[in-house]
Amino acid sequence: MRNRELANIFNKIGDALEFKGEMPFKIAAYRKAARILEDLTEDIEVLWKAGELTSMPGVGTGIAKKIDEYLRTGEMKKYREAIEGIPPGLLVLLNIQGMGPKTLRLAHGKLGVKSKADLEHVIEDGRLARLPGMGPKKVENIKKGLEVFTAEEKRISIGIALPLVEEIIEWIKKAGVQKVAPAGSLRRMKETIGDIDILCASQRGSEIIEHFTNFERTDRVLAKGETKGSIVVKEGHQIDLRVVPEECFGAALQYFTGSKPHNIKLRSIARERGLKISEYGVFKGDRRVAGREEEGVYSILGLAWIPPELREDRGEIELGKVPELIDYNDIRGDLHIHSRYSDGANSVREIAEFAKELGYEYIAITEHSKSAKYAGGIDERKLEAQMAEIDRAQGEVGIKIFKGIELEILKDGSLDFDDDILENLDIVIGAVHLFLKQDMTGPILRACSNPNVDVIAHPTGRLISRREGYKVDMNKVIEHAASTNTALEINAYYDRLDLSDVNAKRAKESGVKILLGSDAHNLGMMGAMRFGVGVARRAWLSKDDVLNTLLAAELESWLKDRV
DNA sequence: GCCGTTTTCGGCCCGACTGTTTTCAGTCG
């Protein structure tokens, strides 16, 4: 897949043209093309070979020609021209808060700034502040931006952000407000979150914000006004709170939830209808015609309310009706859990009892197998012993416990246990934890072909913002999983969330069943299931696409009959 | 650069904030 490669190039063209002061709409067109490529679930080369590049809205003849040129020759003349004369390392400075294209061009043109080091230098010696239009405050801002920039790329996993936000929302409620809600990418349940946005309805703006900034783990207060406050908590994450009047809450929630492309499309629909949308409402002339409720914003545009997880401008607006999405309450059980037998912290019985508390009808215990030495993988004898314990716990707790294994897929695609062992298990989850440096496509395909392997766990092996994952051709895996009726897992552990939403969407479209597994190693981690559900919703999955929404008996027969 | 049966040209989403200005440009979300 060269989608991302091309997206990067178009983004860089956007940056370069912006720096050079090119027409804003041209720049927007390149950025839009980049985004389309990032979101594209199909391989761009497939569309290219089929001559269907311009079938993507946002890709016209100009962009299509450039994609074609690049895929044919590995080069793009426009890109070369765009970055011509711009020192490498200059454009990344556009990512500094407070540093836009105009300021950067000024600093480059007048002071010869070519790098971050140069920039720091002209800040220190005061030359930047003396440029026309600049001043001490602006420079101070850029200086602050530089501090963050150094520690850049610290998007937070949804698994960290959501509990933190819930805690802060509880705190805000103590100031006596009713309506408080997360917004932004957190509300859209994106796998990682940049800024954390919270919205609240009240007439007492400054009072609420004062209270907000006194949150117990506040490290620094960045801003404190009547409608907006901004803090950095001790863990280093920035949280923004906005306070709007009650009658604007729906419009503001819609507005701050985004995504940006989704909102842009809504506003152009509004414009066609002679309406104007802002965070204060939908207006016909000066008259507010919607804005108290989020639903109203959509309905006045002739649209049904769209779940936040879908708001990415990936066709959800044109769809005209709300697709049935899976809900957390549809989940009847967790089928990827580790106990003390391998590297988990709890006994089978403790897990079963906790699962019952969560309202589950069933679970599966899936230890690591023997080659996973680092995780205390179990051998055949220990597996045998565990089966007896599972039978006992099942009788005592009164919840269906499937006997499973998270089976190591080895270098050559062979499996850690023999088939006669696997045949006696209810569920076998094939997984790669070793040989992370090599291309694991072949081994995974071979594992799918084994009729005893029901599921492939965390198929790419990525760890969000820590590890890219092993090499694997997901197109091939999805295709083969579809033909062997092997399920693919959305691993709900917040560092994995693998399959990603994009891959899961593609898998669904190919007819592959999805399993949601917490991969829990202690009771607390079982709660991660909700993050997995978030990914599933972003992937447009319905209840029918996900295996652990089935009743125990239905699941059992799926596992037996799937080949 | 993209787009369109009211347009093949002339539009393209919107508002706040900030700091630098004496009326507005730049940046951000």
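Chain letters run A, B, ... following the sequence lines, proteins first and then strands; every chain starts at 1.
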Starting from [atom2] on [N], measure out to [atom1] on [X] and report it in whole angstrom.
X      : N      : atom1 : atom2 : answer
A:I36  : B:dG1  : CD1   : P     : 15 Å
A:D68  : B:dG1  : CG    : C1'   : 17 Å
A:I27  : B:dC2  : CD1   : C1'   : 15 Å
A:E272 : B:dC14 : CD    : P     : 12 Å
A:K20  : B:dG1  : NZ    : P     : 13 Å

Looking only at atom [atom1], what distance separates [N] and [M], rounded to whole Å?
N      : M      : atom1 : value
B:dT20 : B:dG26 : P     : 14 Å
B:dG1  : B:dT5  : P     : 23 Å
B:dT7  : B:dC12 : C1'   : 14 Å
B:dG11 : B:dT6  : C1'   : 14 Å
B:dT27 : B:dT21 : P     : 15 Å
B:dG10 : B:dG15 : P     : 25 Å
B:dC3  : B:dT8  : C1'   : 10 Å

* Want to settle it: does A:Y30 or A:F283 sit nearer the 5' end of DNA chain B, counting the closest nucleotide to each? ->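 First, find each residue's nearest nucleotide; the 5'-ward one identifies A:Y30.
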Taking [Y]'s backbone N and O only, do any of them form a donor-acceptor pair with [X]'s side chain (distance below 3.5 Å, no angle check)?
X      : Y      : value
A:S185 : A:R188 : no
A:R242 : A:I198 : no
A:T54  : A:T61  : no

* To do: Check every atom of B:dG1, B:dC17, B:dG15 against the side chain of A:K276 and return the nucleotide holding the closest atom.
  =>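 Selected nucleotide: B:dG15.
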* Does A:K102 have any salt bridge (charged side-chain N to carboxylate O under 4.0 Å, His left out) partners at least two apart in sequence or in another chain, and if so, which? ->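 Once residues adjacent in sequence are excluded, A:K102 has no partner under the salt bridge (charged side-chain N to carboxylate O under 4.0 Å, His left out) criterion.
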* After noting the C-alpha distance and the side-chain angles of A:Y70 and A:E5, does the key distance pass the side chain to side chain donor-acceptor pair (under 3.5 Å) rule? -> CA-CA 10 Å; A:Y70 187 75; A:E5 198 178 321; 2.8 Å; yes
* Asked: With respect to A:D313, which candidate in A:K260, A:R35, A:K265 satisfies the salt bridge (charged side-chain N to carboxylate O under 4.0 Å, His left out) definition?
  ->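 By the salt bridge (charged side-chain N to carboxylate O under 4.0 Å, His left out) criterion, A:D313 pairs with just one of A:K260, A:R35, A:K265: A:K265.
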* Does any donor atom in the side chain of A:R187 or A:T257 lie under 3.5 Å from an acceptor atom in the other side chain? ->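 Result is yes, a qualifying pair exists.
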I'd like a table of atom pairs between the protein and nucleotides 8-12 of chain B - only N or O on both sides, under 3.5 Å - with the distance next to each one.
unit_1: B:dC12; atom_1: OP1; unit_2: A:R271; atom_2: NH1; d: 2.8
unit_1: B:dC12; atom_1: OP1; unit_2: A:R271; atom_2: NH2; d: 3.1

* Structure fact -> Letter by letter from the 5' end, nucleotides 18-29 of chain B scores (B base, S sugar-phosphate only, - none; protein heavy atoms under 4.0 Å) -SS-----SSSB
* Identify whether any heavy atom of A:I277 sits under 4.0 Å from a base atom; if not, whether one sits that close to sugar-phosphate; answer base, sugar-phosphate or nothing. =>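 Here A:I277 touches the backbone only, sparing every base.
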* Asked: Is A:K66 touching bases, backbone alone, or none of the nucleic acid, heavy atoms closer than 4.0 Å?
  ->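 Touches sugar-phosphate only.
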* To do: Using both distances under 3.5 Å as the test, list the Watson-Crick or G-U wobble partner of B:dT8, or none.
  =>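 Looking at the geometry, B:dT8 pairs with no nucleotide.
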* Which pairs with one or both residues in residues 81-104 of chain A pass ring pair (Phe, Tyr, Trp, His ring centres under 6.0 Å), sequence neighbours excluded? ->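 As it turns out, there is no ring pair (Phe, Tyr, Trp, His ring centres under 6.0 Å) pair with a partner in residues 81-104 of chain A once direct neighbours are skipped.
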* Asked: Quick one: ring pair (Phe, Tyr, Trp, His ring centres under 6.0 Å) pairs with a partner in residues 99-120 of chain A, sequence neighbours left out?
  ->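 Residue pairs with at least one partner in residues 99-120 of chain A: A:F19-A:H108.
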* Asked: side-chain hydrogen bond (donor to acceptor under 3.5 Å, both in side chains) with A:D330: which residues, sequence neighbours excluded?
  ->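 For A:D330 there are no side-chain hydrogen bond (donor to acceptor under 3.5 Å, both in side chains) partners, ignoring immediate neighbours.
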